[in-house]
Protein chains: 2
Amino acid sequence: MSRPPKTDPEPTVQDEAARAGWLYYVAGMTQDQIAAEMGVSRQRAQRLVSRAMADGLIQVRLNHRIGACMDLERALRDRYGLTRCRVLPGLGPGADPVPGIASAAAAELERFLRMPDPLVIGFGTGRALRGLVDAMEPLEAPQHRLVSLIGNIAPDGSASFFDVVMRISDKVRAPHYPMLVPVVSPDESLRAAFHALPPVQRVLELARTADVLFVGVGQMSNDAPLHTDGFVSSDELAQMRAAGAAGEVAGWVFDSEGRYLDFGINTRTGGVRVEPGLERPAIGIAAGATKVPAIRGALKSRILNGLITDSATAEALLAPA
Amino acid sequence: MSRPPKTDPEPTVQDEAARAGWLYYVAGMTQDQIAAEMGVSRQRAQRLVSRAMADGLIQVRLNHRIGACMDLERALRDRYGLTRCRVLPGLGPGADPVPGIASAAAAELERFLRMPDPLVIGFGTGRALRGLVDAMEPLEAPQHRLVSLIGNIAPDGSASFFDVVMRISDKVRAPHYPMLVPVVSPDESLRAAFHALPPVQRVLELARTADVLFVGVGQMSNDAPLHTDGFVSSDELAQMRAAGAAGEVAGWVFDSEGRYLDFGINTRTGGVRVEPGLERPAIGIAAGATKVPAIRGALKSRILNGLITDSATAEALLAPA
DNA sequence: TCGCATTGCGGGTAAATGCTCACATGAGAG
DNA sequence: CTCTCATGTGAGCATTTACCCGCAATGCGA
């Protein structure tokens, strides 16, 4: 940019690139026309155009609220090394964020379901996953296998409320493998007994090797799903929080750095936990101010390498910790 | 478009086009990649991208002052004593000059809108101003007031086609003051009656004291906007031209020296006229061979002290009269 | 003046793009 | 209920673009 203020005996610098870029992007001319207009070869015109781009002479902006979301996606990807990230416009404070992100989550799942090669797809549970199911289109995908990561026996012995895997299986006609163990066993030995059953072991093995994982993220505040759904008592919740618990994925509790705790309900939680740093997609579906510390932890240790959220949550996740 | 029967808040609209456009222009992905990313066919991706372009969602701006244009700017400033001048590369003869200068005009307006102190900004009308609006980025600037210089009631009683002030107001969330009088009244006494109304007087006062003015420039040739938009008849146009009319700003006609005529439609034009020699910025946005005599007149008498145009028009303005 | 490396140019070519043309789907009129 | 129109979609194809490769010109140190 240190051009002397002389007149035009030197008309040839990146000025030409600017002019070529102008003609290309604004006037919509083809590179052939630009070449003719400027009296140079097509190849040179092409180089000028691409140089105008590389030098940042051309500024492209998107006049749409989606634009901000796209910028947030990129920022989240960079910050947490995500392989997949989707940010949707928030519905405003106070509104339930689940409907907004559910259809995007459903679209993401459908992308995998449409793949012809058989996949094993693992699912957590929770309201976000339930929203995903509701937003899904029925779709024939019998080549895949759907497996639950989390036990689906509630404390009272019934099947768990949000039986995500079964509902998806209904919609896509794929075989499903429920995890026939309690979400949280009363004690460690009972969990071991369940896990020792051969049918359960087969499901556990399937879940551990799943090609794709879709999970929600639970917060540890007083409205923790684990608590409101009756899996932990208020006292135990408070204890775990005092010990640093920040959130949970598939019932497994971790701290603000995303490290799994080795006490509390983690000794009694059924099913498999999502290991940090997987190469396979591990996609979190979660939004809301109260979930921010939980999501941040899961992203930091790469328990999740993909995220679907809303713009307000994305901004909070990008704010300095 | 297969609409999911579910209650999606905003399932899919041109949001997809915006997303595709962002991926294409900002992220630099190929249409194949976009198709894979969004789970649609390549053809659809291409359609989305081109729609994003057609809908004006994508805005391209050039961050470089081409040497030749800078020289023209300086020459125009010197010749006509302009305080602001911006010359953009022409798009070639025959091409519509409006898109080229619109984004520069939008940038100029945005500079004023970003000022924290409240301003009163006055606007004329016409295609150039309309192009400006389309090129503008949405921007929160509620501290300013936007006022129309020109009446916005068309001959048939409808609101005028290019309701610039309202559209800008939409984009920047600033209060706006339309000029509720006919662009051109049938006779002098009717104009006086309109102007005597107290609400109109308040708007007139606001318009007279506006801190910044953005206006187009109309030519008096057979394609005069005043004529094509139905405000003057062919006969009247010819009469005025015979009497020396060279152009008009905000509906007020002047001769080749920029002196306002005191007959013809000037006795019936609503709104305020831009007085020559203002200290406050009075910025004209105009380009095209047919407008050259009009622009020259407006510059000569300093009706305008700022100009945004293209290189071809700038050269014509600098040619000896 | 002579290597010798660096840079820019034109040619050629594979990939990407846009465009047109049938065909499906659905709404609305008859 | 059928026909028609309007809209959207996928496929094929011509055009346009991006990239790779020799070649020549220029700059530089020996």
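The structure presented is a predicted model; accordingly, all values stated were derived computationally and were not measured. The chains referred to below are lettered A, B, ... by the order of the sequence lines, with proteins before strands, and numbering in each begins at 1.
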Please verify the inter-ring angle class for A/Phe112 with A/Phe214; under 30° counts as parallel, over 60° as perpendicular, anything in between as tilted.
perpendicular
Whether A/Lys171 side chain and A/Met136 backbone form a donor-acceptor pair below 3.5 Å:
yes
Pairwise N/O distances under 3.5 Å, protein to nucleotides 23-25 of chain D:
none

For B/Arg61, look at atom CZ and say whether over 12 heavy atoms of other residues, nucleotides or ligands are found less than 6.0 Å away.
yes
Less than 4.5 Å apart, side chain to side chain, heavy atoms only: is that true for A/Leu317 and A/Ile295?
yes
Can you check each nucleotide of nucleotides 10-25 of chain C against protein heavy atoms at under 4.0 Å and return B for base, S for sugar-phosphate only, - for none, in 5' to 3' order?
BB-----BB-B-----
Residues which pass side-chain contact (heavy atoms from CB on, under 4.5 Å) with B/Val98, listed by chain and number, not counting sequence neighbours:
B/Asp96, B/Arg127
Tell me whether B/Glu16 is salt-bridged to B/Arg44, with the criterion being a basic N under 4.0 Å from an acidic carboxylate O.
yes
Please report the distance, rounded to the nearest Å, between CG in B/Leu48 and P in D/dG8.
11 Å
Look only at the side chain of A/Thr309 and the backbone of A/Ala286, and say whether a donor-acceptor pair between them is shorter than 3.5 Å.
yes
Please check: side-chain N/O of A/Gln46 versus main-chain N/O of A/Ser41, any donor-acceptor pairing under 3.5 Å?
no
